[in-house]
Amino acid sequence: MIRALAARPGETLTSFLSRQSVRTRLSHLTMHLLLLAITATALLPMVYMVSTSLKPEGTEYEFPIRWIPERIVWENYPKAFTSVRTLVFLKNTLLITALSLVGGLLSASLAAYGFARLRFPGRSVLFILMLSTLMLPYFVTMIPLFILFRTLGWINTLYPLIVPAFFGGSPLYIFLLRQFFLTLPTELDDAAKIDGAGFFRTWWSVLVPLTKPALATVAILSLVHHWNEFVGPLIFLNTENNFTLALGIRLFRDQYTTFLNYTMAYSTMMTVPILTVFFLFQKYFIRGISMTGLTGR
Amino acid sequence: MTTGDPIVQALPGRWAQRTGLGLRLSLRRREALAGYLAILPWFLGFLFFAIGPIAASFGLMFVSWEVITPPTWSGLGNFERLLGDSLALISLQNTLFYTVFAVPLNLLAALFAASLLNVGVRGTNVYRAIIYLPSQMPLVASSILWFYIFSPTYGLANGVLGWFGVAPQRWLWDVNLVKASLVIMAVWAFGGAMIIFLAGLQGIPTALYEAAEIDGANTFSRFRLITLPMLSPTIFFNLIVGIIGSFQVFTSVFLMTAGGPGSSSLMLVLYIYRNAFQHFKMGYASVLAWLLFCIVLILTLVQFALSRRWVYYEGETR
C-alpha cells in the first residue's frame with residue numbers, strides 16, 4: 001500500500017493523483033476510515049459496558065469516563081452471578097430454549113415439507129394465511145393468550161413459553177425451510193417412493209438430512225429468539241423460581257441499581273453467549289437474515 | 001397409465017378403467033392426506049395461538065372484564081372511552097414520532113454501511129461482524145446498558161458530547177430529548193437491516209455497473225441509476241418490517257423510561273401492556289391492541305399501493 005502510494009521520480013502531483021492505482025488506494029483508504037468510524041460507534045457502548053463491569057466498587061461513576069479501570073476486578077462477575085438466583089434463571093432459560101428449539105425444528109420442518117412437496121387442495125391459501133400472521137402485532141394475541149393460559153392453569157409455568165413452539169415454531173421458520181425444500185430435486189421423493197418409503201419416511205430419512213444447513217439457520221434463529229425473549233416471560237411468569245435470564249437481569253437492575261459495575265457485569269454475562277454463538281455460526285446467521293429478513297429482534 | 005398399457009388392455013375395459021382411476025385417486029388422496037397431516041401441528045397452532053386469539057380479542061372489545069370478576073357486556077363503552085382518552089392519543093403520537101425518525105435513520109445508516117461493505121475492501125468480514133454485533137445483543141441487556149449510557153451525571157452519551165465540547169444533556173430525563181434518545185439507541189442496532197441490504201446489493205449483476213462505467217457514469221449516478229432501482233425491493237421490505245416492528249416498540253421503553261418523564265415517551269404497546277396486565281382492563285386493552293393492528297395493517301397496505309411507483313422488480317417478483 002505504501003509502495004503504491006509513493007510518487008515516482010519526476011511525477012507531478014496531478015499525474016500522481018490521477019494514476020488509477022493511486023485513486024483506488026485512496027478511495028479504499030477513505031472506505032477504511034469510514035468503516036472504522038462506524039465500527040467504533042458500534043463498539044463504543046459495548047466497550048463501555050465491559051470496562052465498567054471490571055471497575056472496583058465506587059469508581060464506576062467517575063466522570064470523565066476512565067476507560068481502563070485503575071484495577072481490574074474480575075470478582076465482579078461471580079459476585080453479580082451469585083447475588084441473585086442466576087443458576088435458576090439459567091436453568092429455566094436453557095430449558096425453554098432447548099425444548100422450543102426441538103419443537104420448532106420438528107414441526108416447522110414437517111409443515112415446510114407439506115407445503116413444498118405434497119399436493120393438497122387449499123395449499124396456497126393456507127400458505128398465504130400462514131405468512132400473513134407475521135404481520136400480527138403480538139399484543140393483539142397476547143391478551144387472549146394470557147386468558148387461555150390462565151384457564152389452563154399455565155400462568156407462572158414454563159408451558160406458555162415452550163408448548164407453542166411445537167405447533168409450527170414461527171411462520172418464518174416454515175417459510176425458510178420450505179424455500180430450501182423447493183431447491184431439492186423431486187427425483188429424491190420418487191426414488192424413495194419406489195423403494196417403498198411412505199411420505200413421512202421420505203421426509204425423515206431422505207429430505208431432513210439434506211436440509212441440515214437450513215435447519216441450522218432455523219436453529220440459530222430460534223435459539224437467539226428464546227434466549228432474548230422478554231415480553232412473553234414478563235407476562236406469563238411471576239415468581240423468581242420461574243424467571244428466565246431476561247427477567248433476572250431486570251430484577252438484578254432493580255435490586256442493585258446503584259451498583260453499576262455489577263449490573264454491567266450481568267449484562268455482559270447475558271450478552272456473551274449469544275455473541276459466541278454468533279461468531280461460531282456467523283454463516284448461518286447471515287443466511288437466516290438474508291433469507292427471511294428477520295433481524296433477530 | 002395410458003390405454004396403450006398391455007396390462008390394461010388385457011383386463012376387461014370398464015373394470016380396468018375403474019380401478020385405474022381408483023388407484024390414481026387413492027394415490028392423490030393419500031398424498032393430500034399426508035399433506036394435511038404434515039401441516040397439522042402448524043395448523044393447530046394457527047387456530048389456537050393466532051386465529052382463535054384474534055377472534056377472542058375482537059370479542060373482548062365489547063366487554064368490560066377485570067379478570068377476577070366475570071366479564072360483562074359493555075357494548076361500545078370501550079370505544080367511547082378511547083375517544084375521550086388523552087393518554088391513548090399521546091401514546092399514539094409518541095409512537096408515530098418514534099417511527100418517523102427511528103425507521104428512516106436506521107435504514108439510511110444500514111444502507112450506507114452496506115454500500116461501504118459491498119466494495120469488499122480488505123477486512124470486510126471483520127467490519128461486517130462488528131457492525132452487526134449491536135443488533136444481536138439481547139434487547140434487555142442493551143436497554144439496561146443504554147439506560148446507564150444516558151445518565152445525566154456520569155453516562156457515556158455526555159462523555160461523547162464532551163469530546164466535541166457540547167454541554168451535558170439530561171437525555172431520558174428531558175421531556176424534549178427522551179424520544180430522541182430512544183431513537184439513537186434504535187439506530188445503533190442497524191446491523192440487521194444492513195445484512196439484508198448487503199444481500200440485496202450482492203444480488204445486483206456487476207455487468208450493469210461495468211456497462212455504466214463504460215458509458216462514463218460517475219459513482220453518484222451509478223448509485224442513483226443502478227443501485228437504488230435494483231435495491232428498491234429490499235428497501236421496500238426493510239421499510240415494511242421496520243415500521244411494523246417500530247410500532248411495537250416496548251422492551252426498551254419499558255425498561256428505560258417506563259413512559260416518562262410524564263407521558264413523554266409513553267408508547268402504544270406500553271399503554272396496552274399497562275391496561276391489560278397492570279390495570280387488568282382486558283376489554284379496553286383489546287380495543288387499543290386492535291387500534292394498533294389496524295394502523296399497522298393500513299400503513300402496510302398504503303405502502304404496498306405506493307410501492308408500484310418506486311419499487312422496481314426485475315423479472316420475477318419477490
Side-chain angles (χ1 to χ4, degrees), chain A residues 28 31-32 34-35 38-39 42-43 45 48-49 61 63-65 107 110-111 113-115 118-121 123 126 130 133 135-137 139-141 143-145 164 166-168 174 199 227-228 230-231 235 246 249-250 253 260 263 267 270-271 274-275 278 282 286 289-290 293 295-297, chain B residues 31-32 34-36 38-39 41-42 44-45 49-50 53-54 56-57 60 113 116 119 121 127 129-131 133-141 144-145 148-149 153-154 156 159 162 192-193 195-196 199 237 241 244-245 248 250-251 255 269 272 276-277 282 285-286 289-290 292-293 296 300:
Chain A
H28 277 198
M31 298 277 170
H32 277 292
L34 286 171
L35 283 170
I38 299 174
T39 310
L43 270 186
Y48 174 74
M49 172 172 81
Y61 292 103
F63 194 83
I65 297 157
S107 57
L110 195 56
Y113 169 67
F115 280 125
L118 303 174
R119 277 158 303 175
F120 52 87
R123 187 172 71 162
L126 286 170
M130 180 198 78
T133 54
M135 232 181 49
L136 269 184
F139 261 88
V140 177
T141 50
I143 296 165
L145 280 181
F166 282 81
F167 293 89
I174 300 178
F199 293 106
W227 180 273
N228 292 349
F230 177 69
V231 180
I235 289 169
I249 188 176
R250 170 176 173 242
R253 200 270 310 256
L260 184 53
T263 308
S267 301
M270 190 174 170
T271 307
I274 284 297
L275 297 193
F278 166 66
Q282 221 189 114
I286 307 284
I289 289 168
S290 13
T295 56
R297 283 255 155 144
Chain B
E31 182 174 341
Y36 289 125
I39 66 164
W42 161 73
L44 289 176
F49 304 127
I54 294 170
S57 162
L60 277 175
L116 287 177
V119 175
V121 293
Y127 286 129
I130 296 178
I131 300 174
L133 280 191
S135 67
Q136 284 312 295
M137 197 172 163
L139 193 48
V140 196
I144 286 172
L145 169 61
Y148 289 104
I149 287 179
T153 46
Y154 54 84
L156 172 62
I195 299 285
I196 301 172
F237 177 84
V241 173
I244 292 178
Q248 298 180 62
F250 173 76
T251 305
L255 288 169
V269 169
I272 296 174
F277 301 107
M282 294 299 178
S286 297
W290 270 83
L292 170 71
F293 184 34
V296 168
T300 310

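Reckoned from all heavy atoms, side chains included, excluding hydrogens, waters and symmetry mates. Computed from a predicted structure; not experimentally measured. A note on names: the letters A, B, ... follow the listed sequences, proteins ahead of strands, and every chain is numbered from 1.
- Interatomic distance, Y154(B) OH to Y61(A) OH, rounded to the nearest 0.5 Å: 4.5 Å.
- Looking at L133(B), the atoms closer than 4.5 Å to chain A (heavy atoms on both sides) sit in the backbone and in the side chain alike.
- Side chains of I272(B) and I143(A) form a contact here, defined as non-hydrogen atoms less than 4.5 Å apart.
- Ranked by heavy-atom pairs shorter than 4.5 Å toward chain A, the options A56(B), S57(B), G245(B) are led by S57(B).
- Here the side chain of E31(B) pairs a donor or acceptor atom with the backbone of R119(A) at under 3.5 angstrom.
- Of the residues considered (S107(A), P137(A), P121(A)), P137(A) shows the highest number of contacts with chain B, using heavy-atom pairs under 4.5 Å.
- Only the side chain of T300(B) comes within contact range of chain A, judged by heavy atoms closer than 4.5 Å.
- Only the side chain of F278(A) comes within contact range of chain B, with at least one heavy atom under 4.5 Å from a heavy atom of that chain.
- For a residue to count as touching a neighbouring chain, one of its non-hydrogen atoms must lie under 4.5 Å from one of that chain's; by this rule L156(B) touches chain A with backbone and side chain alike.
- With a threshold of 4.5 angstrom between heavy atoms, T39(A) approaches chain B through its backbone and through its side chain.
- Minimum heavy-atom separation, A289(B) to V140(A): O-CG2, 3.4 Å.
- F277(B) touches chain A through its side chain: at least one heavy atom from C-beta onward sits under 4.5 Å away, while N, CA, C and O do not.
- Closest heavy-atom contact between G35(B) and F120(A): CA-CD2, 3.5 Å.
- Contact of L35(A) with chain B is made through backbone and side chain together, with heavy-atom distances under 4.5 Å.
- A tilted orientation is assigned to the rings of H32(A) and Y127(B), their planes being inclined by 30° to 60°.
- Heavy atoms closer than 4.5 Å to chain B are found nowhere in P64(A), neither backbone nor side chain.
- In this structure, the separation between CD1 on I144(B) and CD1 on I249(A) is 4.0 Å, given to the nearest 0.5 Å.
- Atom CE of M137(B) is separated from atom OG1 of T271(A) by 3.5 Å, given to the nearest 0.5 angstrom.
- Contacts of A276(B) with chain A are made by side-chain atoms alone, with heavy-atom separations under 4.5 Å and no backbone atom involved.
- In this structure, M135(A) and V296(B) approach most closely via the heavy-atom pair O-CG1, 4.2 Å.
- The residue among L255(B), I54(B), T153(B) with the most heavy atom pairs within less than 4.5 Å of chain A is L255(B).
- Contact check for L139(B) versus N228(A): no side-chain heavy atoms found under the 4.5 Å cut-off.
- Between A50(B) and T133(A), the closest heavy-atom pair is CB-CG2, 4.1 Å.
- Counting heavy atoms from C-beta on, the side chains of F49(B) and T141(A) never come closer than 4.5 Å.
- Listed here is the closest heavy atom pair of A246(A) and V140(B): O-CG1, 3.5 Å.
- In terms of heavy-atom pairs under 4.5 Å with chain A, the best-connected choice from L145(B), I130(B), L292(B) is L145(B).
- By number of non-hydrogen pairs under 4.5 angstrom with chain B, the leading residue of I274(A), I38(A), V231(A) is I38(A).
- Judged purely by atom type and a 3.5 angstrom limit, Y148(B) has no side-chain atom pairing as donor or acceptor with the backbone of M49(A).
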*Does the pair I174(A) and I39(B) meet the rule for a side-chain contact (heavy atoms from CB on, under 4.5 Å), with working shown?*
CA-CA 10 Å; I174(A) 300 178; I39(B) 66 164; over 6 Å; no
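- Counting all heavy atoms, side chain and backbone alike, F166(A) lies closest to P41(B) at O-CB, 4.0 Å.
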